[in-house]
Amino acid sequence: AGSRFGNVLHTALERVDFSAWSLWPNASVGVEEVGQLEATLRSEGYPDEDVADGVEVLLPLVGHTLTVALPEGTRLCDVPMRERLVEMEFHFSLRPTATADLLALLHEYGVLRQRNGFGLRQRLEGLVTGKIDLIYVHDGRFHVLDYKSNRLPGYDADTLAAAMDDSEYTLQALLYAVALHRWLRFRLGERYDYAAHFGGIRYLFCRGLDAADPTSPGVHA
């Protein structure tokens, strides 16, 4: 548990070979994949005597994450490497904006409804920067995906929606959408059509995923 193990999970999902998990849990993953999990635990400072226990916890988390059905009908283990972009870093400028105006706009669309300010700042401006866990393409549409290791009391749709609001992931998702939109507009030029190319946002709450459950608990889209 804790942020350190959350870092381990994120790093493991960056390093493993997605396709090697396609038959999990009906077939064991290879020695190389288990080795990646062990190396990731050690890289975060877990001692050797804890590595085996760590792998026991980590392996099903990674397995369910890579094999759970996504809303568009694919699984991450089925998305070819050439159609995935890991940890895309983005930077875009925010023009000087009164916080009251920004919050009014966000509230109009149901984002950050509980927030009434950004500290003592009356105006926001500067460079917005971050990294997106994963961008992947399916049927010509680009999707943003973010992994979360939160422990929640449940992983049904209502609980996930509340967690998105409580942790302000709704704002994070909006920023990611803007970043991907601008990147696609730059890369595709005049061919870019938001309705045709932007697939949506997926948040995977990895502790609640169950690839065998067709209701896909833990998937917020």
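Positions are given from 1 along the sequence.
Taking CG of Leu145 as the start and OH of Tyr203 as the end, the distance is 9.5 Å to the nearest 0.5 Å. Within the model, atoms OG1 of Thr65 and CG of Leu209 stand 5.0 Å from one another, a figure rounded to the nearest 0.5 Å. How far CG of Asp193 is from CG of Leu188: 10.0 Å, rounded to the nearest 0.5 Å. Atom CE in Met88 sits 4.0 Å away from atom CD1 in Ile132 (nearest 0.5 Å). Between Lys131 atom NZ and His10 atom NE2 the span is 12.0 Å, to the nearest 0.5 Å. One finds the CD atom of Glu56 at 12.5 Å from the CG atom of Leu37 (value rounded to the nearest 0.5 Å).
Between His64 and Asp210 the shortest side-chain heavy-atom distance falls below 4.5 Å. Contact annotation: the side chain of Thr97 never approaches that of Glu125 to less than 4.5 Å [non-hydrogen atoms, C-beta and beyond]. Within the 4.5 Å cutoff, the side chain of Val178 has no heavy atoms near those of the Val128 side chain. Annotation: side chain of Tyr136 is in contact with side chain of Arg202 (closest heavy-atom distance under 4.5 Å). Residues Val16 and Phe18 have side chains in contact (heavy-atom distance under 4.5 Å, counting atoms from C-beta outward). Here the side chains of Arg141 and Glu72 are not in contact, with every heavy-atom distance at 4.5 Å or above. At least one side-chain heavy atom of Asp165 sits less than 4.5 Å from a side-chain heavy atom of Arg113. At least one side-chain heavy atom of Leu59 sits under 4.5 Å from a side-chain heavy atom of Trp24.
Here the two rings, on Phe198 and His181, have centers that are 6.0 Å apart or farther.
Put simply, Tyr46 and Leu61 are part of the same group of oily side chains (I, L, V, M, F, W, Y) that touch within less than 4.5 Å, one to the next. Under the 4.5 Å side-chain heavy-atom criterion for ILVMFWY residues, a single connected hydrophobic cluster contains both Leu175 and Leu103. Note: the hydrophobic cluster containing Tyr176 also contains Leu180 (ILVMFWY, side chain heavy atoms under 4.5 Å, direct or indirect links). No continuous path of hydrophobic side-chain contacts links Leu23 to Val34 [ILVMFWY only; heavy atoms under 4.5 Å]. Side-chain heavy atoms closer than 4.5 Å link hydrophobic residues (I, L, V, M, F, W, Y) into clusters, and following such links, possibly through other members, connects Val86 to Tyr147.
Leu160 and Gly218 make their closest contact through CD1-C, 3.6 Å (heavy atoms, listed as atom of the first residue, atom of the second, distance). Summarising the geometry of Ala12 relative to Val62, their closest heavy-atom pair is CB-CG2, 4.3 Å, with the distance given to 0.1 Å. Listed here is the closest heavy atom pair of Val219 and Pro71: CG1-CD, 4.1 Å. Closest approach of Leu127 to Ser93, counting heavy atoms only: CD1-N, 4.2 Å.
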**Message:** Working note: Leu106 + Leu174, criterion side-chain contact (heavy atoms from CB on, under 4.5 Å); need CA distance, chi angles, decisive distance, verdict.
**Reply:** CA-CA 10 Å; Leu106 292 171; Leu174 180 60; 3.6 Å; yes
**Request:** May I have the step-by-step check of side-chain contact (heavy atoms from CB on, under 4.5 Å) for Leu204 and Leu76, ending in yes or no?
**Result:** CA-CA 11 Å; Leu204 300 189; Leu76 289 180; 4.2 Å; yes
**Request:** Go through the steps to decide whether Ser167 and Gln172 satisfy the test side-chain contact (heavy atoms from CB on, under 4.5 Å), and finish with yes or no.
**Result:** CA-CA 9 Å; Ser167 298; Gln172 182 186 52; over 6 Å; no
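Glu33 places a side-chain N or O within donor-acceptor distance of the main-chain N or O of Asp17, the cut-off being under 3.5 Å. His220 places no side-chain N or O within 3.5 Å of a backbone atom of Phe205 that could act as its donor or acceptor partner. No side-chain donor-acceptor contact under 3.5 Å links Asn150 to the backbone of Leu152. Here the side chain of Thr40 pairs no donor or acceptor atom with the backbone of Thr11 at under 3.5 angstrom. The backbone N or O of Ser149 sits less than 3.5 Å from a side-chain atom of Arg207, completing a donor-acceptor pair. Looking at His107, its side chain does come within 3.5 Å of a backbone N or O of Leu112 through a donor-acceptor pair. Of the possible donor and acceptor atoms, one in the side chain of Ser216 sits under 3.5 Å from a partner among the backbone N and O of Ala69. For Arg115 (side chain) and Gly117 (main-chain N/O), a donor-acceptor pair under 3.5 Å exists by modelled atom type. Not one N or O on the side chain of His91 forms a donor-acceptor pair closer than 3.5 Å with the backbone of Thr129.
Cluster partners of Leu105, using a side-chain heavy-atom cutoff of under 4.5 Å among ILVMFWY residues and allowing indirect links, are Tyr109.
Note that Arg182 lies outside the cation-pi zone of Phe90, set by a 6.0 Å cut-off to the ring centre and a 45° limit from the axis.
Note on residues 42-52: pairs passing salt bridge (Lys or Arg N to Asp or Glu O under 4.0 Å), not counting sequence neighbours, are Arg42-Asp48.
When the shell of 6.0 Å around CZ of Arg84 is examined, it contains more than 12 heavy atoms from other residues, nucleotides or ligands. Few gaps surround CD on Glu89; more than 12 heavy atoms of other groups in view lie less than 6.0 Å from it.
Note on ring orientation: taking the six-membered ring where Trp is involved, the planes of His138 and His143 are tilted (angle from 30° to 60°). Between Tyr192 and His197, the two ring planes are parallel [angle under 30°; tilted spans 30° to 60°].
By the ring pair (Phe, Tyr, Trp, His ring centres under 6.0 Å) test, Tyr155 is found to be paired with no residue, residues two or more places apart in sequence or in another chain being considered.
Under the side chain to side chain contact (heavy atoms under 4.5 Å, CB included) test applied with Leu41, the options Val57, Val8, Asp53 reduce to a single match, Val8.
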